[in-house]
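Below: the structure, in C-alpha cells.
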Amino acid sequence: MKEILDKIQAKYNLQDIAIQDNNQAYVTVGKDLAIDMVTYMRDYEGFSHFVMMSCVDWIEDGKLQLLYLLNSPEKKCDIGIKVFIERNKPTMQSCHHLWKQIWTYQRELREAFGIDFPGSPRVEENFVLEGWTEMPHMLRDFDTNKYAEETYFPREGRKTYDPATYMREKLYPKQPVTAKKNKDDE
Amino acid sequence: MSELDINDKVSEMLNKSEHNVAAAECFEKTFVRPEDEEREVIAPDGSIIKVNPIYDYFSGKKPTEEKPCRGVIEKFLNWARAESIWVLGFGTGCGSIEIPPLMTPRFDAFRFGLQMRPTPRQSNAFIISGYLSVKTLKRVIRSYEQMPSPKYILALGSCTINGGMYYDSYSTINRLDKYLPVDVYIAGCMPRPEALLAGFMKLKELIKAGKAEKANEYARNFDEYKANQKKIIKDWNMPDYNW
Amino acid sequence: MSKIFDLKPDRSKYPSMGADGKLDIDLTSQKYVKMWLGPNHPGVTGNMAVELTLAGDEIVEAKTHVGYLHRGFEKLIERRLFVQGFPTSIRMCVAEPDTNEYLIARSTEVLSGYDKDVPEMAQWLRMLSLEMARLQGLLRGVPGQAGTFSLGIGVQWGVYLRDLILDRFEELTGARVYHMYIIPGGVRGLLPNGFKKRMEDNLRDIDDFIIRIRQLMFHNSIFKKRSVGVSVIPKDWIDQYGIVGTNARASGVKRDVRKDNPYLHYDQLDFDPPTATEGDIYARSWVRWQELIQTVDLIRQIMAKMPEKGDIKAEMPNVLHWKIPKGETYTKLESGRGEYGMYYVTDGSSKPRRVNLRGPSYTHAIAVLEKLLVGTNIADVHATMVSLQTCPPEIER
C-alpha cells in the first residue's frame, strides 16, 4: 500500500495521505486529476473492483467531498480517493465509462446532493422520491424535522426528554450547566 | 394554490354528476408520463378513436355507503364474512417479514380462514405492515379503492399509530388514520405472529357484532380523506376514486 | 398452407440503439406493450417495481424503480446520538438485521480507539449471532427459488425451521426479528443454560431438511428445465458490474470477505467457499445450497471452539456524552448476499457526520437485472430476480 502511494505521489499531487492498519488508505486529489487517477489505479495497479461512491457535506468549509472507494482483489486492500468540490452549483466529470454500475450512483447523488454529472445516462430521473420539489434532501441545511411536522400530522401528546440533559440533572444536580461551545453539542 | 383552494376545488369537482372530466384541470401536466396522455390512435379496423388512459377504465363516481340487511340475514352474512377473510398480499413495509411465519405450519393462519390473494378485486382485508412512504401510499390508496366492500384494514406496528421511530423523516407518514380508515391496530415492533392472530380474533368479533364499518366511514368522509391525501401526494395522476 | 402456420414474430420494427445509447422504441407503433411488474406482486422480493416493454412475450427493455421503502435513514442517523443510532440502523436491511449492528458497532469502536479492547468471549458470540443470521436468511432463500416455479412446499418447510432458529434468537437476545445484541464494546448477554443442546437439536432437523431439499429441487426435471442455461452471468461481467457474493462465486470468481480480509476470528475456522462455473440460475441455487451446509458446519465449529466463560463487554465511556474524534473508516463483512459495507465519518461532535451503507443489491437489482432481462420471457423475470437475491430495503435505505 505504501509503495503504491509513494510512487504516484508526485504525479498526482496527493495530499492528506492516511493509511489505516486494516489495509485501507484515504488520499485527497484535486478535482481535475481525480478521474485520471481512478483510471490509473484500475488499469495499472490492479484495483479492478469498484465498491462505492459517496458524498459528505462539509457545510462549514463550504465544500462537498466526493469519495471513490476501490478495492483490489489480488492485493486485498481498499483505497478511498477523496475529491473536494464547491458547494454552490456543484458539478463533476462523469466516469460512467469505467464501470457499468456508476450511473446509478451518479443518479442518486444528483437527487440527494444536487451534484450534476453531465453526460451520465439517465441522470435526471428520480431515484427514490416522486414529486419532490424541495431542495436536495441530504444537504445539511435541509431540516427534516421541520418538514415532517409541517407536511405530515405531527404526533401529539408526547413530551420528549433529551437523554443527555436528563441524566446530567439526575446525576449531577448541583453543578451549573456550562455554556455550549459549538452548536453540535446539543 | 393554498390548501383551502385545493379543498374547494376537489369538492366542487366531485359534486359534478357522472364523469369527472373536470379533474383534468387539477393535476399538473409535468407528472403525467407520455403514454398516459390523452391522444388519438388508429384502431385495427382503420378508424380513429380517442383514448384517455387515466380515466377510461374507471367509473368516475363517488363511493357510496352500503346499508346492512335486516335481522338474521345480516347476522348470517357477518358470520360468513368473519370466517373467511381473504387478505391482499401486498407487503408494504418491514412488518411483512412476519407474514410468512404466519402462513406456514407453525402459526398456521389457514385454519382461521385466512388466505393471501394477489389481486385486490378478490380480497377483503388489507394488512398495512408498518410505515408507509409517500410513494407507497399512492399505490396503497389505489389498491384499497379497488377492493369491493365490505373491506377492513389492519394496521401493524407502532409506525402507523404515530410515526414510530421515523417520526421526523421527510418521506414517511405519521398518522395513518388521517389518510385511510383503520379497523384494528396491532402494536409492537415487530408484533409476534401470535399478536397478529389476536388482532384477527378481535377483527372477527367486530365483524360479528356489526361494528367493522370503516369502509362506510370512508365513503361518508370521502372529501376529507381525499384532501389529506392530495396534500402530500403531489404528483396525482390517477382518477379520484379508483373503482 | 405454410402461410397460415407461419408463427414467426414480426421483427420489422425492432428497436435500434440511438446516438446517446438509448433504445429507439416507438410506443405508438402498436408493436410494444408497457407493463409494470409493480410493487403489489406476490413474486417480487420486497417492494420493488420493474417497468417492462414487451414485444409479444419477449422483453425488449426493463427499468427498475426503487424508492417504495425509503425512510431517509442516513439523514435520521445524523440527527441522533451514537447510541441512539443503533435501533435506527438495524431496520436498514430487514432480511438479516445483525449485519447492520456489527457494522455500526465496529465503526464506532475503530474510530474511538476501543477496537482492541473487545474481549474474546464477545467476539465468539458476535460470530455466532452473525452465522445464525445467515442461516435464517438462507433457510428462506434456498427454497424460495423453487417457490418462483410454483413449487411451494420447500418454502413451508424452510420457514418452519427458520422459526425454530428465531426461537433460539429469542432466548439469546429477547426478540425474534430485531435483536440489538451487538453493541459497541461487546455483546449484551451470555448464552443461556442448555442453549447448545437445543441448538444441536435444531441443527439435526436442518440436516434432514438439506437432504430433502436436494431431492426436491436439484433432481427435479421441471426445475432443471427452467433454470439450466437461463440468465447466465459471464465471468467478465463480475468486475465490470461489481458483482459480489454468491452471484460471483457461481460464475467462477472466488471472493469472500471472510477469507480475504478476515474479521473477528474467522481465520481460526476451517471452511472453503463453494464455487461453480456455469453462472446460470441452477448454479446459483446450487452454491447457496452448499453454503447452507457450510453454515451449519460453521455453527457447530463455533460452539465447539468458544471459551467457557469470559467478559462480554469492555469498559466504555458514558454513551450519552460520548464524543468521537474526527475520522473516517469503511467496515465490511460478508452477509448472505455478498459484501456488505458501511462508510462512517465523524467530526468530533456527539453525532455522526455521515453514514453510507453499501448493499450488494445496489448493483444486482438495477444494473445487472436490467441487462439480464433483455431477451427473456415474462415468466423468467421472477426467477432471475430471486436468483440474484435482491433485497430492496438496502438499495434505498
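So you know, we letter chains A, B, ... as the sequences are listed, proteins then strands, and number each from 1. The structure displayed is predicted, hence computed values, not measured ones.
In summary, the side chains of C:E51 and C:H65 do present a donor paired with an acceptor at a separation below 3.5 Å, with no hydrogens or angles considered. Inspection of the C:Y266 and C:E334 side chains reveals no N or O donor paired with an N or O acceptor under 3.5 Å.
Using a 4.5 Å cut-off between heavy atoms, A:D57 contacts chain C through its backbone alone, with no side-chain atom that close. Contacts of C:K371 with chain A are absent, with no heavy-atom separation under 4.5 Å from either backbone or side chain. Contacts between C:V368 and chain A at a heavy-atom distance below 4.5 Å are absent for every atom of the residue. Of the two parts of A:E111, neither the backbone nor the side chain holds a non-hydrogen atom closer than 4.5 Å to a non-hydrogen atom of chain C. Contact annotation for A:W103: only side-chain heavy atoms (C-beta onward) come within less than 4.5 Å of a heavy atom of chain C. For A:C77, no part sits under 4.5 Å from any heavy atom of chain C, backbone or side chain. If you measure heavy-atom distances from A:K82 to chain C, the contacts under 4.5 Å come from the side chain alone. Only the backbone of A:F50 comes within less than 4.5 Å of a heavy atom in chain C; its side chain stays farther off. C:V345 touches chain A through its side chain: at least one heavy atom from C-beta onward sits under 4.5 Å away, while N, CA, C and O do not. Looking at A:L69, only its side chain comes within 4.5 Å of chain C, counting heavy atoms on both sides. For a residue to count as touching a neighbouring chain, one of its non-hydrogen atoms must lie under 4.5 Å from one of that chain's; by this rule A:L67 touches chain C with the side chain only.
Top candidate by heavy-atom pairs under 4.5 Å with chain A, chosen from C:E370, C:E396, C:R397, C:E74, is C:E370. Of the listed residues (C:T331, C:I395, C:V66), the greatest number of heavy-atom pairs within a distance under 4.5 Å of chain A belongs to C:V66. With respect to chain A, the highest number of heavy-atom pairs below 4.5 Å among C:E78, C:E328, C:H70 belongs to C:E328.
Without hydrogens or angle criteria, C:R249 side chain to C:P273 main chain gives no donor-acceptor distance under 3.5 Å.
The line from OG1 of C:T246 to CZ of C:R255 is 14.0 Å long, rounded to the nearest 0.5 Å.
No option in C:K332, C:E339, C:R337 other than C:R337 meets the side-chain contact (heavy atoms from CB on, under 4.5 Å) test with C:S335.
A heavy-atom distance below 4.5 Å is found between the side chains of C:Y340 and C:C93.
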C:N100/C:I104 under side-chain contact (heavy atoms from CB on, under 4.5 Å): CA gap, chis, key distance, verdict
CA-CA 6 Å; C:N100 306 316; C:I104 283 224; 5.9 Å; no
What do the steps show when you test A:Y147 against A:W132 for ring pair (Phe, Tyr, Trp, His ring centres under 6.0 Å), and what is the final call?
CA-CA 12 Å; A:Y147 181 79; A:W132 185 251; 5.4 Å; yes
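Environment of NZ in A:K63: sparse, with no more than 12 heavy atoms of neighbouring residues, nucleotides or ligands closer than 6.0 Å.
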